[in-house]
There are 2 protein chains.
Amino acid sequence: MKRSVKQSPKLPAEKRRAQLVKAATRLFIRKGYRWATMDEIARAAGVTKGALYFHFKNKEDLLFAVVKQSWERVSGPIYDLSETEPSPTALLDKTLRMCLEDIDRGNYLSMGLLEQALKIPRIRNYWSRENIRMADALAEALVVKCGIGREEALMAIKLLDAVIDGLIVQRNIFLSKQEANRLADQLVRLFGIYLNQADKR
Amino acid sequence: MKRSVKQSPKLPAEKRRAQLVKAATRLFIRKGYRWATMDEIARAAGVTKGALYFHFKNKEDLLFAVVKQSWERVSGPIYDLSETEPSPTALLDKTLRMCLEDIDRGNYLSMGLLEQALKIPRIRNYWSRENIRMADALAEALVVKCGIGREEALMAIKLLDAVIDGLIVQRNIFLSKQEANRLADQLVRLFGIYLNQADKR
DNA sequence: CCGCTAATACCTACCGATCGGTATCTATTT
DNA sequence: AAATAGATACCGATCGGTAGGTATTAGCGG
């Protein structure tokens, strides 16, 4: 006997995939990779586990999709800014605000999730490659805008990365939204001073 | 029929506890809280799971012990330095080196582990209380040493926390030992500049 | 515009492995 | 002999993954 079973409306694969990635991102961030189950991710996207496994090979595959989409969403605007925004400190400022807003929306990859993800070789390769590409691009922009040496620019970018990560961690752990924004102010100021000094030498 | 079973030498509870905490710390950091099993932690300390559960109520309890011991090991020297070391930048410098060495030894709590741990209310309470206590103490020391205002000192400490975390994350994710140390140099310089400016106003 | 057919997207039910936790017994130490 | 520390064997729940089926949709010939 065939029983009629209600199904979620069939969406084109791309659309459903995007929904699943979105749901997975939120849950991975909120609960951690290992604690978020495939079942609840599927349900959060309005389908069942079976459908989830239709779109993704396994949990790692889903994590990769999450990391990739997340990187693209964040890095895109930064690449844009590095071309349109003449002031490096303004670039940092806007980047930090963007990251903080992303955290508020529950979309910004927590450090813990990232740590877990980078244990997977495929993801680590991707992240590392993209990271280097971006560092090079930003450093190049710095060289042009500030007239400092390439080595110095690369170091400045590393410092910038550390500053961003530091803020993210603090926000994720203890700081309120307001406090985080004030801390961001200070970090931007500080980075400005650093560049100034590098400039003079 | 009774078979004679070899047992690990019986140690005084305190000693075995310390061994178990040490093993757990390493494994939690290396593999993540959820992936490190009670069984392998016990074996790493040379006993079986049964013995582990004799010393700790459950996995959370073990995690709490790990976090607590870790905090005490790191915060102790910092408190000491805040009293003996007159220069705040030197304090930051020594703190950063200490943290980096701790990472090399596999003893420094990764951000991911900390994130997980802080989801447990009991641990979050502990950590938050201790963190505030230390921030106050360091800020007080700054006020005395640099003659800056209390508010400014507290902000400086927040910045300092962010700087430390940023370095840790970078080291855990991408940077080699050498690169991390050079980044630390820059961060110390940066903090020095910040204090100088705060001083002048 | 209509039925028919494939391909696509989705669902249910289950399996097997893992792992936290416990009960109970055994060895060691004092 | 009593207290302490450790070992073993098991249970139950959870969860990733799969098999095999069902519903929906797009496309196509008429």
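What you are looking at is a predicted structure, and each value in this text was computed from that prediction instead of being measured. Sequence lines set the chain letters: A, B, ... in the order given, protein chains first and strands last, and positions in each chain run from 1. Values reported hereafter were calculated over all heavy atoms of this structure, with side chains retained and with hydrogens, waters and symmetry mates removed.
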Could you tell me how far apart [X] ([atom1]) and [N] ([atom2]) are, to the nearest whole angstrom?
| X | N | atom1 | atom2 | value |
| --- | --- | --- | --- | --- |
| Lys15(A) | dC10(C) | NZ | C1' | 18 Å |
| His55(B) | dT4(D) | NE2 | C1' | 9 Å |
| Asn58(B) | dA23(C) | CG | C1' | 17 Å |
| Arg34(B) | dC19(C) | CZ | P | 9 Å |
| Glu60(A) | dC15(D) | CD | P | 18 Å |
| Lys59(B) | dA13(D) | NZ | C1' | 15 Å |
| Arg16(B) | dG6(D) | CZ | C1' | 9 Å |
| Phe56(B) | dT22(C) | CZ | P | 16 Å |

### Query
Using the ring of each side chain (for Trp, its six-membered ring), is Tyr126(A) parallel, tilted or perpendicular to Phe64(A), with breaks at 30° and 60°?
perpendicular
### Message
Expected output is a numbered-order residue list: members of residues 114-123 of chain B with a heavy atom under 4.0 Å from any atom of DNA chain D. What is it?
### Response
none
### Query
Residues from residues 39-54 of chain A sitting under 4.0 Å of DNA chain D, heavy atoms only?
Lys49(A), Tyr53(A)
### Task
Sequence neighbours left out, what passes salt bridge (Lys or Arg N to Asp or Glu O under 4.0 Å) with Lys119(B)? Give chain and number order.
none
### Task
Output all residues satisfying salt bridge (Lys or Arg N to Asp or Glu O under 4.0 Å) with Lys177(A), sequence neighbours left out; order by chain, then residue number.
Asp104(A)
### Query
Quick check: does any side chain N or O of Lys145(B) sit under 3.5 Å from a backbone N or O of Glu85(B), one acting as donor and the other as acceptor?
yes
### Task
Taking side chain to side chain donor-acceptor pair (under 3.5 Å) as the test, write out the residues that go with Asn181(B), two or more places apart.
Arg97(B)
### Summary
Applying side chain to side chain donor-acceptor pair (under 3.5 Å) to Asp161(B) and not counting sequence neighbours gives none
### Summary
From the candidates dC10(C), dG16(D), dG21(C), the one with an atom nearest any side-chain atom of Thr37(A) is dG16(D)
### Message
Suppose the criterion is side chain to side chain donor-acceptor pair (under 3.5 Å): which pairs have a residue in residues 16-25 of chain A, not counting sequence neighbours?
### Response
Arg16(A)-Gln19(A)
### Task
Please list all pairs passing the salt bridge (Lys or Arg N to Asp or Glu O under 4.0 Å) test where one or both residues lie in residues 28-37 of chain A, with sequence neighbours left out.
Lys31(A)-Glu40(A)
### Task
Only pairs at least two apart or in different chains count here, so list each salt bridge (Lys or Arg N to Asp or Glu O under 4.0 Å) that has a residue in residues 130-139 of chain B.
Glu130(B)-Arg133(B), Asp136(B)-Arg150(B)
